[in-house]
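In what follows, a structure is listed as structure tokens, so that the remarks can point back to it.
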Amino acid sequence: MSILETVAVAFSMFSAIPMPQFPWNRENMRYSLCAFPLIGLVIGLICCGVWAACAWLNIPALLRGGLLCLVPVLVTGGIHLDGYADVCDAMASYGDQDKKLEILKDPHVGSFAVIRLCGYFVLIFALWSSLPAYPPLAVLLGFCLSRTLSGLAVASFPLAKNTGLAHTFAQAADRKRVRAVLIVLDVLLTLGLCFRGWSGAAMAIAAQLVFAYYYFMSRRQFGGLTGDLAGWFLVQAEKWMLIALAAAEFLEAYL
């Protein structure tokens, strides 16, 4: 196993960035969850570049907000939004666990998913467009933190079924060591955000609260974690971190 293969597996599955092709096996998937935060690092760096380019070219805030809204989607290929949409449909059904798991398997997109996705993009677009300033470190650490917690959940939470993407990565992972690495990274990223100031601390708190809710919700409503729920969490964590960032920035400006 090489570090390159481990990173390539993570990027091949969770991003749309072209990667060298390796056969997936237990060896190169053992620590691939530890490489998941690197995708957040790439997204954060691209967002920093987009903001800087927009400032240099004097691009209007609305256009800048639209570009920043699309960066994570373009980098990931929308894989997490697909899971988010499926979970929104399942939760809107108010059925039992078996019914919700059946909805997750359905390849069709329901009306509730469309409504939630539209609302999500409008909100993210508005938040990016209205940010008075761009905190590059907070955004960078935030995208890394959401993926650190997502990987930690796959390696730690009970699984709802013994098939699917989450099960594949959880079974292939050296779960004890992966958990240890991601817990340490979670602590470091959280501290990094807190040292950044009130806005960073607000982002860290938001991420940890969504993570706690994710644990109880996934067990109560679905009987455990699935790949779709992992996507739902990532979208929710980044949404609430951005809300916390915007709220803290505005409060700091007025206080």
Side-chain angles (χ1 to χ4, degrees), residues 37 39-76 78 80-81 83-85 87-88 113-150 186-214 217 231-255:
I39 301 173
L41 179 65
V42 171
I43 294 172
L45 290 173
I46 293 174
C47 284
C48 290
V50 169
W51 186 285
C54 289
W56 182 58
L57 296 171
N58 200 27
I59 289 176
L62 290 179
L63 179 54
R64 180 190 67 206
L67 292 173
L68 290 167
C69 181
L70 291 175
V71 168
V73 183
L74 296 176
V75 173
T76 64
H80 308 299
L81 287 170
Y84 174 77
V87 173
C88 286
V114 174
I115 293 168
R116 297 290 177 83
L117 283 171
C118 290
Y120 166 78
F121 277 112
V122 169
L123 176 61
I124 298 300
F125 168 70
L127 290 169
W128 277 124
S129 300
S130 60
L131 270 182
Y134 184 83
L137 182 60
V139 173
L140 198 65
L141 295 179
F143 279 118
C144 293
L145 179 58
S146 63
R147 282 159 177 76
T148 297
L149 292 173
S150 183
D186 176 24
V187 172
L188 292 176
L189 291 169
T190 298
L191 288 175
L193 282 168
C194 291
F195 285 140
R196 196 268 166 193
W198 288 109
S199 56
M203 291 176 67
I205 292 170
Q208 301 299 337
L209 288 176
V210 175
F211 185 70
Y213 174 75
Y214 176 37
M217 183 277 285
W232 175 90
F233 164 73
L234 199 64
V235 172
Q236 290 282 46
E238 292 178 355
K239 177 185 75 176
W240 282 103
M241 278 195 288
L242 188 55
I243 291 172
L245 171 63
E249 291 288 320
F250 278 111
L251 285 174
E252 285 184 9
Y254 286 104
L255 293 179

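The residues of the chain are indexed from 1 along the displayed sequence. Bear in mind that the values here come from a model prediction, so they are computed numbers and not experimental data.
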ask   = Do the non-hydrogen side-chain atoms of Leu81 and Thr76 ever get within less than 4.5 Å of each other?
value =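 Not touching, per the 4.5 Å side-chain cut-off.
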So, for [X] and [Y], which heavy atoms are closest and what is the spacing to 0.1 Å?
X      : Y      : value
Val235 : Tyr120 : CG1-CE1, 3.5 Å
Ala207 : Met241 : CB-SD, 3.8 Å
Phe125 : Gly65  : CD1-C, 3.7 Å
Cys69  : Phe121 : SG-CD2, 3.6 Å
Ser150 : Leu234 : CB-CD1, 4.2 Å
Glu249 : Ser199 : OE2-OG, 3.2 Å

Pairwise distance [atom1]([X]) to [atom2]([Y]) - rounded to 0.5 angstrom:
X      : Y      : atom1 : atom2 : answer
Lys239 : Leu123 : NZ    : CG    : 6.5 Å
Leu137 : Leu193 : CG    : CG    : 7.0 Å
Leu145 : Gln208 : CG    : CD    : 6.0 Å
His80  : Glu238 : NE2   : CD    : 7.5 Å
Ile46  : Leu67  : CD1   : CG    : 12.5 Å
Ser146 : Phe233 : OG    : CZ    : 7.0 Å

message = Would the distance check show the side chain of Tyr134 and the main-chain N or O of Cys48 forming a donor-acceptor pair, the cut-off being under 3.5 Å?
response = yes
message = Would you call the rings of Trp232 and Tyr213 parallel, tilted or perpendicular, taking 30° and 60° as the class edges?
response =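 If you compare the ring of Trp232 with that of Tyr213, the planes turn out tilted.
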task = Run the numbers on Met203 and Leu141 for side chain to side chain contact (heavy atoms under 4.5 Å, CB included), then give the verdict.
result = CA-CA 10 Å; Met203 291 176 67; Leu141 295 179; over 6 Å; no
ask   = Pick one: which of Leu63, Leu68, Ile59 meets side-chain contact (heavy atoms from CB on, under 4.5 Å) with Cys54?
value =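 That would be Ile59.
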task = Compute both the distance and the angle, then confirm whether Arg64 meets the cation-pi test with Trp51: under 6.0 Å from the six-membered ring centre, within 45 degrees of the axis.
result =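 The answer is yes; both the distance and angle limits are met.
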